[in-house]
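The structure appears below as structure tokens.
Both ligands and their constituent atoms are indexed starting at 1 by order of listing.
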Amino acid sequence: MKSTAGRVIGIGIGPGDPELITIKAVKALKTADVICVPKAHAEKPSMALAIVKHILDERKRSPEVIELVFPMIKDESELKRSWARNANIIAEKVKNGNTIAFITLGDPMFYSTFIYLYQSMKERYPEVKLEIIPGITSLTACAASSKIPLAERDEAVAIIPSDIDSKQIEEMAKYIDNFVFMRGAQRLKDLAPILERAGFTKNSTTILAKRCTMPEEKVMIGKLVDVQSWNIYEDYFSMVIIKRSELQSNRK
Ligand SMILES: C[S@@+](CC[C@H](N)C(=O)[O-])C[C@H]1O[C@@H](n2cnc3c(N)ncnc32)[C@H](O)[C@@H]1O
């Protein structure tokens, strides 16, 4: 019999490879009553849902799957409205004692839509129990795919969202050893001179990792000077890692 107290579980489903999902996440996905799938566009198929499909297909009783649209816009008030709207939909389901699994790519607390849903639920429905199952992030997946360490010894790492301005990056580069640029493909060629002005060199290790652990994975590794000749196309699922240290010849 279902317990009367429902709950919401934010589940990290990893960077893309359906095998990179934790045992705890699999267990939760096998028993949840409702699976919530966040989407930026209502009409596009969900990559997150495709990643967990093999788990849901094994279930005797199919869960209810609801797709929630979280638009990728800057308008704060419109964004808040969409978080509140989605929190209301989930709260309605929780009322009936349901367990809701909210899936997110990578980890739920790392640049994820779940963060806003979580905040909105806490504000509007403080009585609802919220849990989080961490996932393997794109960050560590990209380091693994490139086989180049993200950080070692006393190196400091900075993670930079796609819209931080160049001046700020140049200032930070005086103190930071390794940079991770989220969605970095689009600005990689512009980053090279900025980092060089702040003490990185033409030989600094540079990685462009796209769709890591997915079937279309592509990883380019070179020196900072090389990127001007790279054939780069924009991809939302891209990450750039630039390390102050020089690329070792056995790494390429
Ligand atoms: C909104 S953030 C989501 C991050 C996610 N929550 C995580 O823990 O990895 C989306 C960004 O993550 C990065 N990303 C996500 N999956 C990726 C992958 N498989 N390969 C490369 N970058 C990825 C890209 O920079 C993309 O623009």
Next item on the list: Quick one: list whatever passes side chain to side chain contact (heavy atoms under 4.5 Å, CB included) with Ala185, sequence neighbours left out.
Entry: Leu208, Lys210, Ile232, Ser238
Notebook entry, point to check: Of all residues at least two apart in sequence or in a different chain, which pass the side chain to side chain contact (heavy atoms under 4.5 Å, CB included) check with Lys167?
Noted result: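 Asp165, Glu170.
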Checklist line | N or O contact, Thr213 vs ligand 1, cut-off under 3.5 Å | finding: no
Item checked: Nitrogen or oxygen of Ile136 less than 3.5 angstrom from that of ligand 1 -> no
Note to self: With a 4.0 Å cut-off on N to O distance, would you call Lys129 and Glu131 a salt bridge?
What the structure shows: yes
Taking [atom] as the reference point, the nearest protein heavy atom with its distance:
atom: atom 4 (C) of ligand 1; result: Phe110 O, 3.5 Å
atom: atom 2 (S) of ligand 1; result: Tyr111 O, 3.4 Å
atom: atom 26 (C) of ligand 1; result: Tyr236 O, 3.1 Å

Next item on the list: Take Asp17 and Arg211 through the salt bridge (charged side-chain N to carboxylate O under 4.0 Å, His left out) test and state the conclusion after the steps.
Entry: CA-CA 10 Å; Asp17 179 344; Arg211 301 192 174 237; over 6 Å; no
Any atoms of ligand 1 less than 4.0 Å from a non-hydrogen atom of [X]? List them with their elements.
X: Met214; answer: 19 (N)
X: Arg183; answer: 24 (C), 25 (O), 27 (O)
X: Asp107; answer: 6 (N), 7 (C), 8 (O)
X: Phe237; answer: 15 (C), 16 (N), 17 (C), 20 (N), 21 (C), 22 (N)
X: Gly106; answer: 7 (C), 8 (O), 9 (O)
X: Cys212; answer: 18 (C), 19 (N), 20 (N), 21 (C)

Next item on the list: Name the option, out of Ser138, Ala141, Gly14, that contains the heavy atom nearest to atom 16 (N) of ligand 1.
Entry: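 Looking at heavy atoms only, the winner is Ser138.
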Next item on the list: Kindly identify the option in Met182, Glu216, Lys210, Met109 whose heavy atom sits closest to atom 12 (O) of ligand 1.
Entry: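 Checking each option, the heavy atom nearest atom 12 (O) of ligand 1 is found in Met182.
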Next item on the list: Could you please spell out the steps behind the salt bridge (charged side-chain N to carboxylate O under 4.0 Å, His left out) verdict for Glu234 and Arg183?
Entry: CA-CA 8 Å; Glu234 158 67 347; Arg183 200 180 172 176; 3.3 Å; yes
Check: Ring centres of Phe179 and Phe181 under 6.0 Å apart?
Finding: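 They qualify: ring centres under 6.0 Å apart.
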Item checked: Shortest non-hydrogen separation from Ile11 to Ala25 and the atoms involved -> CG2-CB, 3.5 Å
Next item on the list: Mark the output for Cys142 as yes if a heavy-atom distance to ligand 1 is under 4.0 Å, and as no if none is.
Entry: yes
Checklist line | Proximity flag Thr104 to ligand 1, non-hydrogen atoms under 4.0 Å | finding: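 Outside the 4.0 Å threshold, so no.
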Next item on the list: Please work out whether any backbone atom (N, CA, C, O) or any side-chain heavy atom from C-beta onward of Glu217 is under 4.0 Å from ligand 1, and answer side chain, backbone, both or neither.
Entry: neither
Check: For ligand 1, does Thr113 get within less than 4.0 Å through its side chain, its backbone, both, or neither, judged by non-hydrogen atoms?
Finding: neither
Check: For Lys223 and Glu246, what are the C-alpha separation, side-chain angles and deciding distance, and is it a salt bridge (charged side-chain N to carboxylate O under 4.0 Å, His left out)?
Finding: CA-CA 7 Å; Lys223 299 173 178 174; Glu246 297 195 349; over 6 Å; no
Next item on the list: Check step by step if salt bridge (charged side-chain N to carboxylate O under 4.0 Å, His left out) holds for Lys74 and Asp163.
Entry: CA-CA 12 Å; Lys74 298 240 179 228; Asp163 49 4; 2.9 Å; yes
Margin query: Does Ile73, at its CD1 atom, have more than 12 non-hydrogen atoms belonging to other residues, nucleotides or ligands within less than 6.0 Å?
Written below: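 Enclosed: over 12 neighbouring heavy atoms sit under 6.0 Å from CD1 of Ile73.
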Check: Considering the options Val34, Leu130, Leu68, Ile66, which one meets the side-chain contact (heavy atoms from CB on, under 4.5 Å) requirement together with Phe102?
Finding: Leu68
